[in-house]
Amino acid sequence: MSSDLIHGACPHDCPDTCGIISEVENGRAVNFYADPNHPVTQGWLCAKVRPYLERVYHPDRLTHPLRRVGPKGGGQWARITWDEAIAEIAARWQAIRVESGAAAILPYSYSGTLGLVQMTVCNARLWNRLGASHLQRSICGAAAEFAVESTLGARHSPAYEDVAQSRLIILWGHNPASTAPHFMPALRRAQRAGAETIVIDPRRTLSAHGASLHLAPLPGTDGALALGLAHIIVQENRHDEAWLQANTVGWPQFKARLADYQPARVAQVTGLAESAIVDLARRYASVRPGLIKIADGLNRHRNGGQTVRAVCALPAITGQYGAAGGGLAYSTSGYLRWDSEAVSHAADCPPAPRSVNMNRLGAALLGEINDPPIRSLYVYGANPAASAPNAGAIVAGLQRSDLFTVVHELFMTDTAAYADIVLPATSQLEHTDLHKAYGHTYLQYNRPAIPPLGESKSNWDVMRLLAQALGLDDPWLQQGADEVIEEVLTATANRLPALHGITLARLQEGRPLPLTLSPAAPFADLNFPTPSGKVELFSQSLADLGLDPLPGFVHDDDTAPAPDGCAEADALQLVSGAAHHFVSSSLANLESLLALEKSPFLEIHPLDAAARQIAQGDRVIVENRRGRCTLRAVVTGAVRPGVVVSPKGRWSRQGDGHNVNWTTSDALGDMAGQSTFHSNRVWVRSDSRQVPAPAEQQSMEDQHA
Ligand SMILES: Nc1nc2c(c(=O)[nH]1)N[C@H]1C(S)=C(S)[C@@H](COP(=O)(O)OP(=O)(O)OC[C@H]3O[C@@H](n4cnc5c(=O)[nH]c(N)nc54)[C@H](O)[C@@H]3O)O[C@H]1N2
Ligand SMILES: Nc1nc2c(c(=O)[nH]1)N[C@H]1C(S)=C(S)[C@@H](COP(=O)(O)OP(=O)(O)OC[C@H]3O[C@@H](n4cnc5c(=O)[nH]c(N)nc54)[C@H](O)[C@@H]3O)O[C@H]1N2
Ligand code: SF4
Ligand SMILES: [Mo]
C-alpha cells in the first residue's frame, strides 16, 4: 500500500512552530512526526505534540453539530444538521442586529491555532463586516509587546542558534525547556562552549536545571530588580555612556531615576540577598556578550508592562543592542506583519462599535458591558472557562438564560459545555493554513492531510456559511483558504522585502521558507524603528497615554481582600505558568499526557506547608474571594517561601468543577489591557481527605529530572 507524506505546521501557541509530517494511507493518518529538514524543528517534536494522532482520532472528538436540550451546562444535547445550526445562528443574530445592533454579538477567540487563515483572518473579516463588538486580545503578552515596541520600536529577536555567540544568557521569567523546547539544544551547546546561564524565576523550573545560577525573586518585583542592576552598573561605572548618548533618548532622566534603587532597597523589595544582586549586576556588565531572554510569563502581572520596560533598559545601559550574541530575545513577530487591509477588509466595513477586553469576559457578560449588553457569544479556538481569569464570573455569565452562546470546538471543553449550539471543528490535519512563527522566521504551509473527521468544518468554512446565511455577499467572505493566503501574501510582499521570493506556489511544495532579514541580527544597524529612531528610555508615546514615560517600578499587589476567617499575613502568591505537557488547556484531555503530568497539583515550600500542617500529597484547598480549587500538595524546595505554583491548563470538567483560574484575577495590568494571572493572592489549607496514590507524590520537575 502506498502512503503519502503531507507537510504541515504545528498550529499551537508555541514559538517553535514546528514542521510536521503526516503519513497518510487511504485517507487515514497512520504516522505523525517532525520534519527532519526543518532548520528549527530538526526532526523532533516536543513531548506534548508527539502523540498528536491521539488527539486527531480521539473518541471524544465532536463530529456533528449539537443543540442544547436541557438546562445550560446540563450536558443534554440533540444532534442537528449543519443547515439547522447555521440557520438558527443566523436567525438569532439577525434578530439581535435589528433589536440591539450587531455590537451585542461578541466573538471570542485566541490561541487554539495561530494560522493566518484559521486565526488571523477569522478574527477579522466576518466580525468587521457584521459590525460585531471587537475583542481586545490581551490575555497573553499584550503589555510585553507594547513595552518592547515602545522601547525598541519592533519585536525583533535573534535566531535560536545565534545564542552560540553569547557568553552569558539570562532566562528572565521564561521557561523554554517547557515553552520553547527547540531553543534548548542551542542553549546547551552554548553552555558546553563555556557560556553562563542565569535563571530568574520564583520557581526552580526545568530550565533552571543546568544553569550556573538560579535567583528566585518574589513575583512581580523584577522591575525593581532590573532598576537595581542598572543602578549598580552605573554606580560602578560599568555602563556604556557613549552608546547611551548616541543611541537612546531619556538617558539623563532615567539615570536620575536609578538613584532610588539602591541595592539595599531592591533586596528588601525582591527578597533577594543584596550580595546576589550586586554580583548579578557585575556579571551582566562584564561577561559579554550577554543575552536577556524573556517571554510573556514575566508580564502577566499588574506592573508587567513597566517590568518589561525596565528589563529592556539593561542591554541599552551596557550598550549591547545590535551586538551579536547580546541584547534582548523576545519575539520575532515584528519581522512579518501581514497587510492589515488584506487580512481584514476593514475599509469595506463599518467601524467596530466598541472593544471588549477578553480578560473581563465574566464581568462583561454580567453587565459591565452594556448598551447594548452582550446577547450572543461566538467562541472558536479558545476555552475561556478554563483559560481566562476569574472563571467563576465567566461561568456565571455563560449561565445567563438570555445569552445565546455558540462554541466551535474539537472537544466538549469547559466552555463548550455551556453552549446553546456546539459546532465540530477540524484539526490541523484537516484544514489548509499558513503559519509564521514568533520564535523564528520560517514560513510553513499546512496542507490538509486527511478529510475532515465526521462533519467537522474549519473556522473559515463555518464563517463562510454564516456570511452567506446573513446575506453578506462580499466576495472576500467567500474565498477559499488558498485564495485568502494568496491575497494576504501578495499584498504583504508588495511592501515587505522580507518576503522576497516567497509565493504560495513555493510554499505549497511543503518546505519551510525563510524570511530575508536585513540586517540579519536584530538592530545591528542601530536603527530602532521608534519615533526617535533610538532606544526610547523616555517614551513620549507612553507619556501621551498618561503612562509613566520612564521604566519604573510600582508594587504589584493583588488588591482582593482576604476571605473571611483568613489572615492577611497568611496570603501566598500563586503563580500559574505553563504546564510541561499541555499548551494552555489544549491537549489537556489526552490520556497519555495526563498520565505524564499527573493529577492537578500545587507546589508549596516546606516552611509554608509546615505552617499550615500540610503534608506531601495532601489534598489542599486554594482559595480567595474570587473562588477556589482543590489540588494535590507537592511540598518542594523548588518554589520559594511565600510563593505557590500550579500550572495552567487543567479542565475543570475533569476534576471537581474548578481549576486554578477560579482564583485568578481579572484586574487589568498597567499597559494594553494585559491579563494579571500571576498577581494572585491565595490562602491554602489542608482538606481533611487524603489523596490515595503515593506514586503521585512527586513534583512535576522531578518527573523530568
Ligand atoms: N508546555 C507548554 N508550552 C507553552 C505553553 C503551555 O501552556 N505549555 N503556553 C504557550 C503560551 S500561550 C505562552 S504565552 C508561552 C509562555 O512562555 P513562558 O513565558 O516561558 O511561560 P510561563 O510558564 O507562562 O512563564 C515563565 C516563567 O515565568 C515565571 N514567573 C511568573 N511570574 C514571575 C515574576 O514575577 N518574575 C519572574 N522572574 N518570573 C516569573 C513562572 O514561574 C514561569 O516559570 O508558552 C507557550 N508554550
Ligand atoms: N492561570 C493561568 N491562565 C492562563 C495563563 C497563565 O499564565 N495562567 N496564560 C494565558 C495565556 S498566555 C494564553 S495564550 C491563554 C490561552 O487561552 P486559549 O486561547 O483559550 O487556549 P486554550 O485553553 O488552549 O483553548 C484553545 C481551544 O481551541 C481549540 N481549537 C484548536 N484548534 C482549533 C480550530 O482550528 N478551530 C476551533 N474552533 N477550535 C480550535 C482547542 O481544542 C482548545 O480547546 O491562556 C491564558 N490562561
Ligand atoms: S508545541 Fe511547539 S515544540 Fe511542540 S511540536 Fe508544536 S511548535 Fe513544536
Ligand atoms: Mo500565551
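Please read these numbers as outputs of a predicted model, since none were measured by experiment. In listed order, ligands and their atoms are each counted from 1.
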If you count the atoms of ligand 1 from 1 in the order shown, which ones are under 4.0 Å from a heavy atom of Asp222?
-> 34 (C), 35 (O), 36 (N), 37 (C), 38 (N)
Quick check: does Thr221 get an N/O under 3.5 Å from an N/O on ligand 1?
-> no
Would you say Tyr380's side chain and Cys122's backbone share a donor-acceptor pair under 3.5 angstrom?
-> yes
Are any side-chain N or O atoms of Asp433 and backbone N or O atoms of Gln118, one a donor and one an acceptor, separated by less than 3.5 Å?
-> yes
Short N/O/S contact of Cys18 with atom 8 (Fe) of ligand 3 (below 2.8 Å) = yes
Is Lys293 close enough and on-axis enough to Tyr330, meaning under 6.0 Å and within 45°, for cation-pi?
-> no
Ligand 3 to Thr17, heavy atom cutoff 4.0 Å, flagged ligand atoms 7 (S)
Min N/O separation His581 to ligand 1 under 3.5 Å | no
Measure the acute angle between the ring planes of Tyr378 and His408, then classify it against the limits of 30° and 60° as parallel, tilted or perpendicular.
-> tilted
Below 3.5 angstrom, do we get any N/O pair linking Gly173 and ligand 1?
-> yes
Evaluating non-hydrogen atoms only, which member of His182, Arg50, His12 is closest to atom 3 (S) of ligand 3?
-> His182
In terms of side-chain geometry, is the basic nitrogen of Arg302 or Asp556 positioned less than 4.0 Å from the acidic oxygen of its partner?
-> no
State the atoms of ligand 1, each with its element, that fall below the 4.0 Å cut-off from a heavy-atom position in Lys48.
-> 1 (N), 2 (C), 3 (N)
Can we say Arg626 and Asp558 salt-bridge, meaning some charged N sits less than 4.0 Å from an Asp/Glu carboxylate O?
-> yes
Taking atom types as modelled and ignoring hydrogens, do the side chains of Thr63 and Glu455 form a donor-acceptor contact shorter than 3.5 angstrom?
-> no
Nitrogen or oxygen of Leu298 less than 3.5 angstrom from that of ligand 1 = no
Identify the protein heavy atom lying closest to atom 2 (Fe) of ligand 3, giving its residue, its atom name and the separation to 0.1 Å.
-> Cys14 SG, 2.3 Å
Without swapping roles, check the side chain of Asp414 against the backbone of Ser652 for a donor-acceptor pair under 3.5 Å.
-> yes
Which atoms of ligand 3 sit under 4.0 Å from any heavy atom of Cys10?
-> 1 (S), 5 (S), 6 (Fe), 7 (S)
Val49 heavy atoms within 4.0 Å reach ligand 3 at atoms 1 (S), 4 (Fe), 5 (S), 6 (Fe)
Taking the six-membered ring of Trp82 (Phe, Tyr or Trp), confirm whether the NZ or CZ of Lys457 is under 6.0 Å from its centre and within 45° of its axis.
-> yes
His174 heavy atoms, cut-off 4.0 Å: which ligand 1 atoms fall inside?
-> 18 (P), 20 (O), 26 (C), 27 (C)
Does Ser675 reach the main-chain N or O of Ile139 with its side chain, forming a donor-acceptor pair under 3.5 Å?
-> yes
Atoms of ligand 1 less than 4.0 Å from Thr205 heavy atoms?
-> 44 (O)
Give a yes or no on whether a salt bridge exists between Arg61 and Glu430, defined as a side-chain N under 4.0 angstrom from a carboxylate O.
-> yes
Whether His555 and Phe553 hold their rings parallel, tilted or perpendicular, with breakpoints at 30° and 60° | perpendicular
Quick one: does Arg650's side chain get under 4.5 Å of Leu594's, heavy atoms only?
-> yes
Can you tell me if an N/O/S atom from Cys46 lies under 2.8 Å from atom 6 (Fe) of ligand 3?
-> no
Shell of residues surrounding ligand 2, defined by a 4.0 angstrom heavy-atom cut-off that is strict | Asp13, Arg55, Tyr110, Ser111, Gly112, Thr113, Ile139, Cys140, Arg300, Tyr380, Gly381, Ala382, Asn383, Ser387, His408, Glu409, Leu410, Thr413, Ala425, Thr426, His431, Asn459, Ser576, Val583, Ser584, Ser585, Ser586, Lys648, Val660, Asn661, Thr664, Phe677, His678
Heavy-atom contacts with Gly220 under 4.0 Å: which atoms of ligand 1 show up? List them by number with element.
-> 34 (C), 35 (O)
Pair His431 and Trp460, ring centroids less than 6.0 Å apart = no
What do you reckon, does Asn175 have a nitrogen or oxygen under 3.5 Å from a nitrogen or oxygen of ligand 1?
-> yes
Do His440 and His38 have ring centroids that are under 6.0 Å from one another?
-> yes
Atoms of ligand 3 close to Pro181 [distance to a heavy atom under 4.0 angstrom, numbered from 1] | 3 (S)
